[in-house]
Amino acid sequence: MSRSKESDELIFFVNGKKKGTKYGCGGGGCGACTVMISRYDPISKKIRERIAKGHGTQCGFCTPGMVMSIYTLLRNHPEPSTEQIMEALGGNLCRCTGYRPIVESAKSFSPSSACCQMNGKGKCCLDEENNEPETKNSVCTKLYEKEEFQPLDPTQELIFPPELMRMAEDSQNTVLTFRGERTTWIAPGTLNDLLELKTEYPSAPLVIGNTCLGLDMKFKDVSYPIIISPARILDLFVVTNTKEGLTLGAGLSLTQVKNILSDVVSRLPKEKTQIYCALLKHLRTLAGQQIRNVASLGGNCILNVASTEGTQQIPLTDHFLAGVPDANPEAEQVLISIFVPLSRKWEFVSAFRQAPRQQNALATVNAGMRVVFKEDTSTITDLNILYGGIGATTVSANKSCRQLIGRCWDEEMLDDAGKMICEEVSLLTTAPGGMVEYRKTLAISFLFKFYLDVLKQLKMRDPRRYPDISQKLLHILEDFPLTMPHGTQSFKDVDSQQPLQDPIGRPIMHQSGIKHATGEAVFCDDMSVLAGELFLAVVTSSKPHAKIIKEPKPLTAPAPEHWPRMQGLTMKGSLDASEALALPGVVDVITAQDVPGDNGREEESLYAQDEVICVGQIVCAVAADSYAHAKQATKKVKIVYQDLEPMIVTVQDALQHESFIGPEKKLEQGNVELAFQSADQTLEGEVHLGGQEHFYMETQSVRVVPKGEDKQMDIYVSSQDAAFTQEMVARTLGIPKNRINCHVKRVGGAFGGKTSKPGLLASVAAVAAHKVSSVCCLSTQLPRQQETGRPIRFILERGDDMLITGGRHPLLGKYRIGFMNNGRIKAADIQLYINGGCTPDDSELVLEYALLKLENAYKIPNLRVRGRVCKTNLPSNTAFRGFGFPQGAFVTETCVSAVAAKCHLPPEKVRELNMFRTIDRTIHKQEFDPTNLIKCWETCMENSSYYSRKKTVDEFNQQSFWKKRGIAIIPMKFSVGFPKTFYHQAAALVQIYTDGSVLVAHGGVEMGQGINTKMIQVASRELKIPMSYIHLDEMSTMTVPNTVTTGASTGADVNGRAVQNACQILMRRLEPIISQNPNGAWEEWGPLSEIDNCMLLRTSILHIGMKNMGWVVSEWKSDSASHTPGEGSGVNEAFIQSISLSATGYFRGYQADMDWEKGEGDVYPYFVFGAACSEVEIDCLTGGHKNIRTDIVMDGSFSINPAVDIGQIEGAFVQGLGLYTLEELKYSPEGVLYTRGPHQYKIASVTDIPEEFHVSLLTPTQNPKAIYSSKGLGEAGMFLGSSVFFAIAAAVDAARKERGLSPIWAINSPATAELIRMACEDQFTNLAFPKQILNAESRGPSQLPNAGGPSTEAGLQMDSTLLQVTRMNVFI
């Protein structure tokens, strides 16, 4: 999206003021850009406050969009219901928080809460008095005080400005025209104007919300010279309610239609509103609330407008819905309204929909079904069955329906109908979108649901005429409810003796929380455009493995005005850039030939030269005066390829071709082969875990600003490792590192994906900035290229980011287990193969971590683990939260579950039996104490009421055939840190100014994990001053050089030590002055009074970060002295005495090393233990599932900030939930990634988190390795998301047992709806795909035969499947 001064796009005007929502995916799929076209509002301010103080923000990139969604809800519903809150947030994605605190913040505006509704006492259960006396070590369950929230007063809301109302009325009869470079947008004011325009421009599309056409224009490069928007025509918004039914204006938004239908349904008898209820079922889950608010009913029917000769009614027949040309409206016709009739007494209508997740996802398959019976009988007189997601258009089972007319509604009819539909509604194995067996099975499963639903209603009308229906079957008719998550967060309160001014251990609000919520937090792309700044877009390879052919061609002479930018560029060796350079706004094309230094690293190039090794590899870049111009030019660069062999995409391909990166890694303990001989049983198998996209909300972003002398450059980058970026840019430009200064203010999410990749992308931008001329002189002679450079902005679009950068490594695990009949594991031999992609990146280190941590919580006396990194023609996979542990430990848990199933034992018993119990050693011979592991397990068992709930789950499964529940509890031993000592070093700079204020800088990067907040807390404790005195700005390689990547859960540990060291140095320097006035305040070097302490702590917690935000914040002052920094303080006295008030702190790092030859080493400084129990419910007919409850217990020792740490646990868990159950990367057989955005790739949304979500920090124990005896918790919770996966596996196992099927020893991850449904084999799966074979076969990256098929467009067909019985009023 253009950010130039001439841009007329909304995102520029919002972000151009440094205050607004952010540009996330560009397609409305993530909600980051949510806005309400409005003005300053008192309600909005209160929402921002509650989200910030309620800890509902981490990286902050998605927060303004969340605020706007809640604000819009409150504008329409000042006291929203819980369902309305969930619907409002359903279109917003967050990758950091896990949603719970965001929902809580929104829930504070609701008159009711789930917690209080449950206890039925009208009082929050958390506020009930406890008769037990409070102790020093009391457990706290409040992360913030609700009483401090400003109350909401809707009466103070500003009215819509009358002047704007008058302007809208005055322009009603005028035609508004807006002209752009490629498109003219025309907005008529009357219906006559619209009809005349459509006659003049019959091929011009009509748009109101632009939710369909806009996506095509952006992502498919569709262009229209004329677009007509009838959004101002009142005739399109008319609603007429008659005895026959509803006539809905075609311009009504889907939200308006939903509200209208809901109102009618509430007032009319059920038998008359069957069609309306079916429509409502779809509308509640179709897209997100933002899309529903603007998408029009007529727009989704995709009907155009036409002539002025009169009106016509077009019934939605099968031919029309199937897209038969002669049934379509003429090009000159305009859709005015849609008539939806009332249903008749013996007419039954139902709708069905299955999508990858519950909300904001296009349907995999949807259906509309209607049957009419002869009065007082079950004899069919009319039948319609239509499907979306089966073909390119809506598919009608018309032939089958005709054959079934006259049949009775019974099981014999159902059996015949299933066979007929399977034959009529067919899908080729190569059908676009893949999932052929699943989609066919859904079609038949929906038919069965419809049969049961109708039979149930018939039974209610005449109980004696129709047979009884087992309650075990009727469970399936109940959809998963849209419930609001609730739960508790418990942690140890600080000791009562701790000074109130000391913030350590208290739930302090995020340092930038208020700025996040207001949109004033500046991210890389929010920075103002500089004079002469250019925008960069890249051309990437379209081939997975090919040679770039060099074919010089004769050139026509370019026009003189193009000479400056075309010098030597028209044929750059192997690519033709002439057309690109001739486009307006294009300044230059940059290739490998323009790199003055190293073209990347030895193993990974910046620009491809002679050969490409993956789809998505950067070949060249285009610099232009706007991103739109640059992107347009990339499509004009011509590259000729010659395919090379082999083409390797999957792990299996790599094994076949023996394509690897690095040598095999191996660890072994005990005598494995001997142990196998003595085992009662052995089991062999393999399991596959798919990859994962980082999906940080802020895509890869970099700005390069040449400084004009000495080849210096400022790099503003969204990176976890600024020093690596600095090194890469310096090597690329061939200059010393001291000429490059990298700045990182904040990062909008990273999760490991911004460790190495930003260095490469920053280098690409730096080469462009180094090369492009700052002056383009027009001359008849070719000009001299100038090397002064211009600023470059390089922001990846979501699709390009996902294509280029890689993600978590897919893994194939092969195992052999030897065990006793009681479940004791005696031996295991496990091989891991990870898909590293085309270059090494961090893959070998990820493999090492996976092997080192693979044993998880289990003592396996005889264990051999081996692993290889597979080299394939995919973009290089890289670091990701957990760094190999989520993959390796998943294989181990799969093995343990398989042993339990084989021995017919409860999985939790087998886990307990094999768990570490006493002080022991890991497979790499490092000693550790598992006491807290056992405590976490036992506490989680107790908190979750595991055994009583498991009994309840078993009872439910006995009473329900088509829905099953599962419960699982998983232990965790997670090792923190890096395997080398130097990775743990850190530095900090702390400066005290003469007014008493303090500036802190450190080598860590704030990316949502709260490291800056914790560093302020550390400095506050060490300097004994309020947090409000301390400011922490950006991370800069000029301020703190030679930093190490922020990751491995050590950022707060090591940088906290460095800040602590710097503060202690300063306090030692100031000791002589302090000793002269030991009882003074900060400025006088002494403790404050206890009352003053209370007030200053309150100011620190609630007001930090608010003063410079335009908020009115009153500073408290005591009667005796001011406690805000001021001149003439003791600090000034230190300056007068020439005492340095600036200190560099340093931490050498934890001692850590690993000897792979010996297979031993003390690799990690300490361990984090935890356990999670999750319960789920699955729909065996569709594969959908509901996360009912999760309890987590984590060993965090003495938390520096419980709010931050619990937020990290929750966020990591939900990200892990996505890894194991939702997120699926899909590739073509040629290695082309299809899932390149939120429309195709589904991370967890607010409706996917557990309905009950409880997190407890274990009672603290000492951890002498970390600062203040804390622990790093940023990554550990990721693996606990697997508890949901194994709960799903338990539910699937229950379904298979009831059906008499053999157990599946290993289920592949992710456990998507497709996998769940096809694992629950029944008569419908066998009918749809008779030879279905379900086993534990490994699979590589999920592959689809084609892209852009029904799986991506099925959701657009959903309404038409239900409107077959309606009529459309159109003007001719």
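What's counted below: heavy atoms across the whole structure, side chains too, no hydrogens, waters or symmetry copies. We number each residue from 1, following the sequence as shown.
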Are [X] and [Y] packed together at the side-chain level, in the sense that at least one heavy-atom pair is separated by less than 4.5 angstrom?
X     : Y     : result
V764  : Y607  : yes
I1249 : L1217 : no
S876  : E604  : yes
M66   : L89   : yes
P791  : V704  : no
M527  : V522  : yes
Q700  : S719  : no
E693  : L1225 : yes

Check for a donor-acceptor pair, side chain of [X] on one end and backbone N or O of [Y] on the other, with a separation under 3.5 Å.
X     : Y     : value
T1037 : C742  : yes
T805  : M802  : no
S1049 : E1275 : yes
Q985  : F982  : yes
S1228 : E1230 : yes
N1308 : V687  : no
Q1009 : G1047 : no
R881  : G1277 : no
E698  : V747  : no
N835  : G837  : yes

| task | Kindly determine whether T1235 and K1226 satisfy side chain to side chain donor-acceptor pair (under 3.5 Å), including the steps that lead there. | result | CA-CA 6 Å; T1235 47; K1226 295 186 177 182; over 6 Å; no

Enter the distance from [X]:[atom1] to [Y]:[atom2] here, rounded to the nearest 0.5 Å.
X     : Y     : atom1 : atom2 : answer
L1273 : I1209 : CG    : CD1   : 5.0 Å
T650  : H688  : OG1   : NE2   : 8.5 Å
I590  : L536  : CD1   : CG    : 5.5 Å
I740  : M713  : CD1   : CE    : 6.0 Å
S512  : R746  : OG    : CZ    : 4.0 Å
L1222 : I1243 : CG    : CD1   : 9.5 Å

**Asked** Above 12 or not: heavy atoms from other molecules or residues under 6.0 Å from NZ of K1242?
**Response** yes

Could you walk me through whether M1278 and Y1220 pass the side chain to side chain contact (heavy atoms under 4.5 Å, CB included) check?
CA-CA 10 Å; M1278 183 89 196; Y1220 295 113; 5.9 Å; no

The test is side chain to side chain contact (heavy atoms under 4.5 Å, CB included); show your working for L1032 and Q511 and say whether it passes. CA-CA 9 Å; L1032 200 154; Q511 172 234 10; 4.1 Å; yes

Given T1046 and M1007, is the side chain to side chain contact (heavy atoms under 4.5 Å, CB included) satisfied, shown in steps? CA-CA 9 Å; T1046 304; M1007 47 195 173; 3.6 Å; yes

query = Do the ring planes of F880 and H694 sit parallel (below 30°), tilted (30 to 60°) or perpendicular (above 60°)?
reply = parallel

Looking at the rings of [X] and [Y], which for Trp means the six-membered one, are their centres under 6.0 Å apart?
X    : Y    : result
F885 : F974 : yes
F61  : F523 : yes
Y627 : F535 : no

Test: [X] and [Y] ion pair at under 4.0 Å:
X    : Y    : result
E848 : K665 : yes
D721 : K757 : no
R703 : D525 : no

Do [X] and [Y] form a cation-pi contact, if we require the NZ or CZ to be under 6.0 Å from the six-membered ring centre and within 45 degrees of the ring's axis?
X    : Y     : value
R868 : F660  : yes
K980 : Y1150 : no
R798 : F695  : yes
K745 : Y716  : no

For the residue pair [Y] / [X], report whether a side-chain donor-acceptor contact shorter than 3.5 Å exists.
X     : Y     : value
Y1234 : Q1240 : no
E603  : T839  : no
T732  : D598  : no
K871  : S659  : no
D842  : T755  : no
Y696  : D801  : yes
D1053 : T1050 : no

Point to revise | D800/T540 under side chain to side chain donor-acceptor pair (under 3.5 Å): CA gap, chis, key distance, verdict | key: CA-CA 9 Å; D800 291 337; T540 58; 5.7 Å; no

Tested for side-chain hydrogen bond (donor to acceptor under 3.5 Å, both in side chains) against Q58, the lone hit among R95, H516, Q1208, E1006 is Q1208

- Please report the C-alpha distance between I1192 and F1213 in whole Å, then the side-chain angles of each, then the deciding distance to 0.1 Å, and finally whether the side chain to side chain contact (heavy atoms under 4.5 Å, CB included) criterion is met. CA-CA 9 Å; I1192 296 175; F1213 172 84; 3.7 Å; yes

Heavy-atom nearest pair, A762 first then T725, reads CB-CG2, 3.6 Å

Closest heavy-atom pair, A623 versus I792, reported as atoms and distance to 0.1 Å, is CB-CD1, 4.4 Å

- Query: Do T63 and T57 pass the side chain to side chain donor-acceptor pair (under 3.5 Å) test, and can you show the C-alpha distance, the side-chain angles, and the key distance before you say yes or no?
  - Reply: CA-CA 6 Å; T63 310; T57 175; 3.0 Å; yes

Residues at least two apart in sequence or cross-chain that pass side-chain hydrogen bond (donor to acceptor under 3.5 Å, both in side chains) with S843, listed by chain then number, are H809

Go through D1205 and K1271 one step at a time and tell me if the salt bridge (Lys or Arg N to Asp or Glu O under 4.0 Å) criterion holds. CA-CA 9 Å; D1205 286 341; K1271 285 189 175 182; over 6 Å; no

The ring pair (Phe, Tyr, Trp, His ring centres under 6.0 Å) partner of F978 among Y849, Y983, F883 is Y983

